[in-house]
Amino acid sequence: MSLNSIMNAGQSGLTAAQMQLRVVSDNVANVNTPGYVRKVAEQISLMSEGVGVGVEVTRVRLATDRFLQAATMSASAEAQRHGVRYELFDRIQGMFGDPGGTSGFFAKVDEMFAAFAATAEDPASSPARQAAIFGAQNLFDEGSRISRQIQTVREDADGRIKSAVDRANGLLQQIEALNVQIAKATVVNDDASGAEAAQARLIDELSGILDVRVSQRNVGGVSIRTNGGALLAGDGFATLDYARAGVVNAESSFNEIWVTEPRGQKRPLLDGITSGEIKGLVELRDQDAPQAAERLAELLTRAADELNRAHNANTAVPAPQTLSGRNVGQSLDTALAGFTGRTAVLVTDAAGVVQTRVDLSFDGAGNVDVGGDVVPVADFLAELNAKLGTSGTASFVDGRLTLSAAAGRGVAVVDDPDLPARKQGMGLSHFFGLNDLIRTDRPAIYATGLGPASPHGFPAGQTLKLRLTGDTGARLRDVEVTVPAGSMTDLLAALNDPVTGAGGHGTFRLNGDGSLSFVGHTTPAARLSVLEDRTSQTASGVSMTELFGIGGGVRASRADGFSLRGDIARNPALLGLARADAAAAVGARALVSGDGRGGLALADAGQGQAVFEAAGESVGGASSVSRYASEVAGDIGGRASVAKSRAESSAALHGEAYSRQRAHEGVNLDEELVLMTTYQQAFNASARLIQAAKDLYDVLLGIV
């Protein structure tokens with residue numbers, strides 16, 4: 001080996017040791033810097049013809065471990081996903097109040113029925129009537145308020161999705177810019193550790209927004225993809241697109257979140273992510289919050305229906321002059337078809353004495369006996385008016401049946417105690433809502449009583465646009481169904497068409513009570529929502545979505561529409577607390593002041609068995625209103641508890657993963673001290689080698 005080679009070897013050692021000492025100095029200086037990743041100077045031996053000729057620092061890299069990094073990113077995504085779900089669902093639970101307390105929403109259910117029990121004990125008491133009316137109004141007002149606030153939470157979640165998408169776009173741009181910078185430094189063998197550290201911090205932040213997979217590029221920098229394979233950064237940067245829905249209500253449909261890859265391919269983002277803040281927000285917005293809203297709406301619907309069931313069997317004393325029904329969403333003859341049993345329309349004077357009585361008997365085959373004359377249901381209205389004569393009138397307009405008595409008289413509908421008129425378990429007055437206590441501005445009961453051969457009542461050519469979404473929340477398909485003419489069988493065929501309907505993903509079924517249900521074919525089943533409904537039934541003006549409750553949105557929206565009947569709210573004397581004598585003939589007294597039997601029936605309405613429809617993740621079934629309220633309270637509280645547990649567990653896992661990553665990547669002063677000593681000794685050894693070579697030069701020159 002020549003002296004020049006020795007000098008060069010020593011010089012390379014000095015240069016390498018200086019670089020290593022500089023790296024150690026940076027590490028020590030940043031020992032307390034949050035998120036700092038220690039640097040490592042990689043050194044190799046230089047060889048020439050099998051002989052060592054020095055050393056070289058090939059690169060300065062970060063002391064990262066890709067497995068620990070992947071574990072931390074995955075844990076971060078899960079922590080963010082469950083964290084936002086718990087944060088927002090906890091707000092929803094707070095709206096209901098303490099499930100076991102005396103001041104929360106669920107306590108108002110029992111308070112209302114208890115107030116009606118007090119009216120049964122003293123029907124003439126005005127304060128008792130006022131308390132019962134206030135209790136009912138308070139329950140439904142509070143339910144409406146909670147329903148609106150749930151939609152506010154969904155709107156907040158939707159806004160945060162937009163913010164998260166914007167943040168992700170900014171991070172992807174910065175990551176790709178650093179990719180370029182790192183690649184340039186790699187080409188010229190420059191120190192890119194600063195850019196790599198900055199990039200690592202950006203990737204950590206991105207992994208909290210959506211779960212990603214990161215791989216190292218040969219040219220330097222990273223490639224980032226979603227779990228579904230969409231390229232986010234590495235060869236240019238992707239762009240995420242999302243347009244907010246605006247004002248959110250229960251029936252809102254939300255836009256797709258798209259990711260446009262660097263080469264222009266466009267994909268739905270939700271198909272490619274399983275965790276992260278965006279995923280958690282979408283799950284809260286599209287699953288957790290709607291399910292809570294649906295269960296609330298179902299509870300309020302059945303509470304209102306059971307109160308109305310009792311109140312329609314009751315009457316005030318004196319009887320009201322007019323009984324005005326709700327919109328049943330059907331023509332009168334279609335609505336009357338299927339009734340069996342007997343009932344009677346009584347017109348009474350102020351003392352409760354029957355002035356006119358019209359007995360009705362339905363045979364279930366489309367005929368009705370009106371005061372002794374059998375006519376088809378199509379002629380029911382004309383025949384009833386003829387029998388009432390000058391004492392009253394009956395009319396049917398916009399889907400509403402109305403019975404009115406002459407001036408100074410009242411009208412009541414009373415069922416035969418032995419064979420009451422019934423359709424789908426509802427009496428005539430109850431089915432038409434003639435004496436409802438709780439009103440609603442839209443159809444709330446979807447048991448229409450329609451059969452396969454019943455005319456659906458919608459003009460042919462009207463359209464209904466449906467959206468089917470998968471378990472990830474991504475859109476599977478949008479379909480536009482054109483309404484055919486004919487019966488419910490024809491309508492079902494159009495809805496279930498595999499090309500123009502929803503038949504490719506599920507089946508619409510007409511249940512025995514006339515309600516429609518959608519059952520998905522896939523596992524998990526596709527979810528159905530309504531994008532646009534341009535249908536309007538001829539007889540009632542009700543849309544198909546409202547009539548049958550298609551999609552969870554319209555079902556959840558029912559909670560906003562309930563209110564105490566206005567005339568009763570203004571005049572508590574109109575509250576029906578009495579029961580008319582079904583056997584009272586003309587000239588006999590049918591109503592007695594002080595009768596509290598109707599008040600007892602209202603109080604018992606919370607304990608009677610009602611059939612609850614599927615709502616949220618509940619399959620429904622027979623239960624009392626009070627019991628169902630307890631189940632909803634337990635469900636909301638249980639979901640909040642589970643969300644909290646998941647949030648805490650995922651946060652703990654993220655903390656553990658991050659601690660392990662920091663233990664590997666962080667600065668250890670003891671290790672750095674050892675390295676500093678080693679590099680100082682290497683520097684000194686290189687300097688002594690150069691000095692020895694210099695001394696040899698001097699000796700040789702002296703000899704010469």
What class does the angle between the rings of Phe105 and Phe96 fall in, given that below 30° is parallel, 30 to 60° is tilted and above 60° is perpendicular? perpendicular
With a 4.0 Å cut-off, would you call [X] and [Y] a salt bridge?
{"X": "Arg160", "Y": "Glu87", "answer": "yes"}
{"X": "Glu205", "Y": "Arg201", "answer": "no"}
{"X": "Arg267", "Y": "Glu261", "answer": "yes"}
{"X": "Glu256", "Y": "Lys266", "answer": "no"}

For residues Val153 and Leu284, report the shortest heavy-atom separation together with the two atoms involved.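 Nearest heavy atoms, Val153 then Leu284: CG1-CD1, 3.9 Å.
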Is there a side-chain contact between [X] and [Y] (heavy atoms, below 4.5 Å)?
{"X": "Gln151", "Y": "Arg154", "answer": "yes"}
{"X": "Asp478", "Y": "Leu531", "answer": "yes"}
{"X": "Arg295", "Y": "Asp635", "answer": "yes"}
{"X": "Met73", "Y": "Glu78", "answer": "no"}
{"X": "Asp204", "Y": "Thr72", "answer": "no"}
{"X": "Leu21", "Y": "Gln18", "answer": "no"}

Inspect the surroundings of [atom1] in [X] and state if more than 12 heavy atoms from other residues, nucleotides or ligands are less than 6.0 Å away.
{"X": "Asn32", "atom1": "CG", "answer": "no"}
{"X": "Asp695", "atom1": "CG", "answer": "yes"}
{"X": "Arg217", "atom1": "CZ", "answer": "yes"}
{"X": "Lys184", "atom1": "NZ", "answer": "no"}

Report yes or no: is the cationic atom of Arg646 (NZ for Lys, CZ for Arg) under 6.0 Å from the centre of the six-membered ring of Tyr86, at an angle within 45° of the ring normal?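 Relative to the ring axis of Tyr86, which defines the angle, Arg646 lies outside at least one limit.
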